[in-house]
Undergrad: 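Here it is, the structure, as structure tokens.
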Amino acid sequence: MTEPTTAAGAVAGAGTGWGDVPSPAVSPTPIGEPLPPPEEDPRWFQRAVFYEVLIRGFYDENGDGTGDIPGLIAKLDYLQWLGVDCLWLLPFYPSPLRDGGYDISDYYSVHEDYGTVDDLKLLLKSAHDRGIRVIADLVINHTSDQHPWFIESRRDRTNPRADWYVWNDDDQRWPEARVVFVDVERSNWAWDADRGQYYWHRFYGHQPDLNYENPEVQEAMLDVVRFWLDLGLDGFRLDAVPFLYQRDGTAGENLPETHAFIRRLRSELDEHYPGRILLAEANGWPADVADYFGDGDECHLCFHFPLMPRLFMAVRREQRYPITEILSQTPEAPDGAQWAIFLRNHDELTLEMVSDEDRDYLFSEYAKDPRMKRHMGIGRRLAPLLDRDRRLTELLNSLVLSLPGSPVLYYGDEIQMGDNLYLGDRDSVRTPMQWTPDRNGGFSRADFAQLYLPPLMDPVYGFSAVNVEAQQRNPSSFLHWMKRMLEVRRQFSVFGTGSFEALPCANPSVLAFVRSAHGGDDGETNPVLCIHNLSRFSQPAELHLGRWADRQPVELLGRVPFPVVGTSPYPVTLAPYGFQWYELMESQQTLSGELLLSGDGILDGNR
Amino acid sequence: MTVPEHRGAPVELPSSSHPALRELVAAFASRLERWGPDGQRGDEPGQVLAEMVSIRSADRVRAGRPGLVSVTADVPGMSVHTVLGLRAPGDEVQFLDDSDESPLGLLEDDDGLAVVFDATSDAELALRLLEAVGGPDDGFERVRRVTTTAERTSLSFDDRRVLTVFERTPPGGGAQPGLELLLGLDGAGFNHLLAPVAIWRRDGVDLGLVQEYEAGSTGGWTLALTSLRDLYASGGTPEAAGGDFAAEARRLGTMTARMHLGFDQAFGRKMGDITSWVGEVEAAVRLADPVLLEDETVSTLLEDLRTSNARCAAIRTHGDFHLGRVARNDVGWLVVDFTPGGTPVLTAGVVPAEGPVFRSPLADVADMLWSFHHVADVAATERDPSGMLGLGELAQAWEVRNRRAFLAGYLATPGIGGLVPPVRDVVRKLAAAFELERSASKLALRI
């Protein structure tokens, strides 16, 4: 393996791919237009809708049965059409692929199945030209045991990288640290016969933890970061970031030293790569995860893990309390930072952050088949979790698109893709993207047997029934609905950067809240009222909107004006799993050509 | 916390104003008499005459126009408190929804002739009253009527504060029933209630209370009813029904235990007398249905308790604890009502002449368990008045599930073990006895 290049020898052309857009961005960039450089729009991530994509599962350009970067490039037009703002790439680095690529064996290259570094550069440029940014996973806590660093480290106790990993003579140290993959691993220590010592691994045994006590390791990771940012990457998702350090008497998570390193990393970005972002994967209670924002000097985004299972719980219990309770416990992110919210991702639907009782409840509701359980979660995609209920799927997506935070969509969920429980581990939710009803779902021209994973072929979720081509043709499809929702969301900056205020409502099945420009109405940005019915039955609600008296709600999807708000409670009626978003417009703001309703009847707005 | 009382010294009106005040109070009391014993407000006002009114106190709370005068008085059958709003003739008044907009009468004072309204009907006067009573001035703007009952009116201010004006006071003055419990719990750190902010009190008579407030809570009865309606509509098992209440029942149990621990901290505990309680149960059953005492199950239950020699703590209890006294908001369960209920059993916060009553906390537990039974019954009757659908089995399944969840939440709360008998069988029997007492009392009310 060749020695990696350093930032000083960055590949020529770093920072290109932005086009000539001289004016600074002051409002969301329309779809398809080249983006300004991130340093000119440092809050881009607060307005963005992220799209998590598995490269090997997206599109196979060269017909070898595995998705690749050229394939992703080929599908950028689709992503542009859909309207997402930023791609999040799962690991594309060289890897033995024993953990979906999260076991990296070379930080400076691209897995040969996916392409080359030049392919990635082209991807970045092509995406940027279409107005789409790109971030990528970076596994900084551990490497593959096939990484040259580890191969060298384990050779003996004196080589230059002997101290790059965490070694110990016995397996008794740090007993307080929990085993993350409890159903597969029995210990955080693994014996290495060559070295004659145990090495520390918080995840699989083939993923030894790097030793961040060693300054060389820290510097090495900073160098990795510089390498990819110099190519034009817009940021990183820091995988497993809470686990970087260990200390006696602690659980080995969220230690102060970890935060110190993240601050150092952030400082590097702020100084040399302004506008690039760090997204923390820290699964914990909001009050604890909020530490990863620092004082605005650590990560830009943090996943809000506890919210996600509570969305599912709320619609099952048909009560908003699971959502409102966790949001009431969620600290506000510092200025310039944001929570990231999601419904599903490449992992299991994790239930670590709920009580035992609630976990049992969710298992009984959503994982009736024991094969659906993965680690401490449920290995199912969104559509099967919801029995492909269109209305319910729309409701949950509307929540993720309107609640405070940057939404992160998972590839395939926009067409209601299913899953395959018979595949191992979390592969159930990583099957090939379904593009057409043709062979292999249009994912690849390879022989079926060559495919990295079989596509879905059942009558409900199989590619013949569920695919992009069919849904693009059908204007009533879920895909078109999602596209429309992203369009609407983009038009209102309050969804991205606005404040959040839950509105009291006596009907527990109704969740209502207002998104406003920070600091109150600024006269130019109207508040947006969002109302969601979590019940499968129609529901009434009365909302106390007196603070917005005399404003007229205008529904966002259809731009239909509704009765003006008065001082009395405002009655609304919601269809089963229905939702409504309204712009609360000043009374003097008229919509050209629109009919305005008043207490006297229907008036022509042009009079 | 120490809840501040009314700030500033009220200015007593001269006795020369009492004749006019008697007319005004008579008009006000006549309106109160619209309320029937069923708690419903009728259309016909009462017939209280001025000469029936005896003024106890009359204070100017706010001078000028609009002005406020607080009057306490005795009329036949009740002691009343009214806040009179004084407006200049011709003043425009923004009345709150569901208000009686007719004036109570006229009053002449140092500022001239005033048209007098019930201040709780007038949005601006309500804001002035809140300022005067002593709640922190937070620049409230919007006033809304929350509830009006035969005894009190509650107004919300920006949905962040609620002012309750006590319009019926205990005979001869004194503390409002239940207020002592609320203040005691608040002082003990129990935060499952609307936190008191200020008390309006004069010469030991409670006139009003300001509390923190958040609109949008849902009553426990409504939540339980929704769950039952869902179950009756869908069938199956309670845990499979979408609106399963068990998780909330468990949380309610936990809150109830915390309430009792709060009572213990605020008012202390005594050694309970199970024999005496058994006697009270027998008395209640005898009143409702004496034949029931001859039932073997009942007689065995009471005898077992009488001879158990079990030790049990006695604390101040809510006294009328059921689903109608609790509400759920976005952060959890609250006890929203400490007012006396309609049963002859110990009522919430009513302190007999001989002093406060201490009882087993299982009495409150039993009241809530009975409430689960009652709501299941009501929901079944609502859906199937004729009984042809046979919802009894579903009702029982719902009741069993939620009783268990409630008790699990209650008994698992750290510290509650010190307030209940150590032997689980005694706990079960004592709760059953109290539930029998509750049921008998309700039956006696209907007889």
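Throughout, protein chains are lettered first and strands after them, A, B, ... in sequence-line order, and every chain is numbered starting at 1. No experiment lies behind these values; they were computed from the predicted model shown.
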Undergrad: Got a sec, which residues hit side-chain contact (heavy atoms from CB on, under 4.5 Å) with A:V565, two or more places apart in sequence or on another chain?
TA: A:L545, A:P553, A:Y570
Undergrad: Looking at B:E248, B:R144, B:R328, which one has more heavy-atom pairs under 4.5 Å with chain A than the rest?
TA: B:R328
Undergrad: Write down the atom of A:R317, the atom of B:A247, and the distance for their closest heavy-atom approach.
TA: NH2-CB, 3.3 Å
Undergrad: Determine which residues belonging to residues 503-513 of chain A lie within contact range of chain B, meaning some heavy atom pair is under 4.5 Å apart, and list them by number or answer 'none'.
TA: A:P504, A:C505, A:A506, A:N507, A:P508
Undergrad: Can you say whether B:R250 sits under 4.5 Å from chain A via the side chain, the backbone, both, or neither, judging by heavy atoms?
TA: side chain
Undergrad: Examine whether an atom of B:T218 lies under 4.5 Å from a heavy atom of chain A, and if so say whether it belongs to the side chain, the backbone or both; otherwise answer neither.
TA: both
Undergrad: Are the side chains of A:H544 and B:R142 in contact, using a 4.5 Å heavy-atom criterion?
TA: no
Undergrad: Please state whether the side chain, the backbone, both or neither of B:D158 comes within less than 4.5 Å of a heavy atom of chain A.
TA: neither
Undergrad: Taking all non-hydrogen atoms of both residues into account, name the closest pair between B:S234 and A:R536 and its distance.
TA: CB-NH2, 4.3 Å
Undergrad: Report, as yes or no, whether the 6.0 Å neighbourhood of atom CD on B:E101 holds more than 12 heavy atoms from other residues, nucleotides or ligands.
TA: yes
Undergrad: Are there over 12 heavy-atom neighbours, none belonging to B:Q94, within less than 6.0 Å of that residue's CD?
TA: no
Undergrad: At a heavy-atom separation under 4.5 Å, does B:R251 approach chain A through its side chain, its backbone, both, or neither?
TA: side chain
Undergrad: Would you give the length of the straight line joining atom OG1 of B:T226 to atom CD of A:E318, rounded to the nearest 0.5 angstrom?
TA: 10.0 Å
Undergrad: Can you tell which of A:A502, A:G546, A:A549 has the highest number of heavy-atom pairs within less than 4.5 Å of chain B?
TA: A:G546
Undergrad: Does some side-chain heavy atom of A:Q319 sit less than 4.5 Å from a side-chain heavy atom of B:L223?
TA: yes
Undergrad: Could you look at A:E542 and say if it's the side chain, the backbone, both or neither that has a heavy atom under 4.5 Å from chain B?
TA: neither
Undergrad: With the side chain counted from C-beta on, respond yes when A:R547 and B:D159 share a heavy-atom pair under 4.5 Å apart, and no when they do not.
TA: no
Undergrad: In terms of heavy-atom proximity below 4.5 Å to chain A, should B:E141 be classed as side chain, backbone, both, or neither?
TA: neither
Undergrad: Taking atom CD as the centre, does A:E332 end up with more than 12 heavy-atom neighbours from other residues, nucleotides or ligands that are less than 6.0 angstrom away?
TA: no
Undergrad: Report yes if the side chains of B:D330 and A:S328 come closer than 4.5 Å at any heavy-atom pair, otherwise no.
TA: no
Undergrad: In terms of heavy-atom contacts, does CZ of B:R160 have more than 12 from other residues, nucleotides or ligands at under 6.0 Å?
TA: yes
